[in-house]
Amino acid sequence: MCTLSGQHDETTGHILWECPFARNTWALVRGKIHKSSSEAPCFYLLARQMLDRLPKKEMEVWAMTAWSLWTARNKFHFEQVQTPPTLIFRRASSLLDEYQRLMATLPA
Ligand SMILES: [Zn+2]
């Protein structure tokens, strides 16, 4: 069962996309991402769909937010510490900012 909601099998698609907990986090993301279908029977297909639909910048936000959700799931599972969606989103944004700053310093 889902670690966070206890409502569904804990598939990757559920934890990172379908879970009400994940939906609350995705609702904070601007752009096309949260207007996508809320169902993800297969995470791989969801990722492919996002690659096709999203501009590069939004795809980076999508990947980082998915990573942040996974980290929050592990924190709850292993340490029983629940991370609010606003913090999950903020962590994803600041990690992405840091990544983009570092990439800008690399020689072409
Ligand atoms: Zn769930």
Side-chain angles (χ1 to χ4, degrees):
M1 284 305 248
C2 172
T3 301
L4 296 169
S5 67
Q7 287 178 2
H8 194 277
D9 287 345
E10 196 181 61
T11 61
T12 318
H14 177 79
I15 280 283
L16 300 180
W17 191 252
E18 297 173 334
C19 183
F21 192 78
R23 299 312 303 165
N24 287 341
T25 303
W26 290 115
L28 301 169
V29 179
R30 287 175 205 273
K32 291 181 182 174
I33 292 173
H34 67 276
K35 295 188 187 83
S36 308
S37 163
S38 61
E39 289 182 21
C42 169
F43 188 73
Y44 172 75
L45 291 178
L46 175 70
R48 292 293 318 203
Q49 187 191 354
M50 291 296 162
L51 269 173
D52 290 342
R53 290 189 57 208
L54 299 178
K56 185 174 181 285
K57 288 282 174 207
E58 282 192 57
M59 189 62 204
E60 290 174 352
V61 171
W62 186 83
M64 213 54 95
T65 305
W67 173 84
S68 194
L69 275 164
W70 184 250
T71 303
R73 177 263 178 209
N74 287 341
K75 200 155 184 66
F76 188 72
H77 187 79
F78 295 112
E79 300 170 39
Q80 289 76 50
V81 175
Q82 194 157 14
T83 311
T86 48
L87 187 55
I88 294 172
F89 178 64
R90 258 206 322 267
R91 280 185 182 152
S93 302
S94 71
L95 194 68
L96 183 58
D97 286 348
E98 190 182 328
Y99 170 76
Q100 287 167 340
R101 259 199 319 274
L102 284 170
M103 290 306 283
T105 65
L106 292 178

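Whatever order the structure lists them in is the order used to number ligands and atoms, beginning at 1. Everything numeric here is computed off the predicted structure, so don't read it as measured data.
Scanning all heavy atoms of the two residues, the minimum distance from Ile88 to Ser68 falls at O-OG, 2.7 Å. Scanning all heavy atoms of the two residues, the minimum distance from Leu16 to Trp70 falls at CD2-N, 3.7 Å.
Seen from the Zn ion (ligand 1), atom SG of Cys2 and atom NE2 of His14 lie 110° apart in angle, a value rounded to 10°. With the Zn ion (ligand 1) at the apex, Ser5 OG and Cys19 SG define an angle of roughly 110° (rounded to 10 degrees).
The shortest distance between side-chain heavy atoms of Trp62 and Leu46 falls below 4.5 Å.
At a threshold of 4.5 Å between side-chain heavy atoms, the hydrophobic network of Ile, Leu, Val, Met, Phe, Trp and Tyr places Leu45 and Leu69 in two separate groups.
For a distance bound of 2.8 Å, the N, O or S atoms of Thr3 include none lying that close to the Zn ion (ligand 1).
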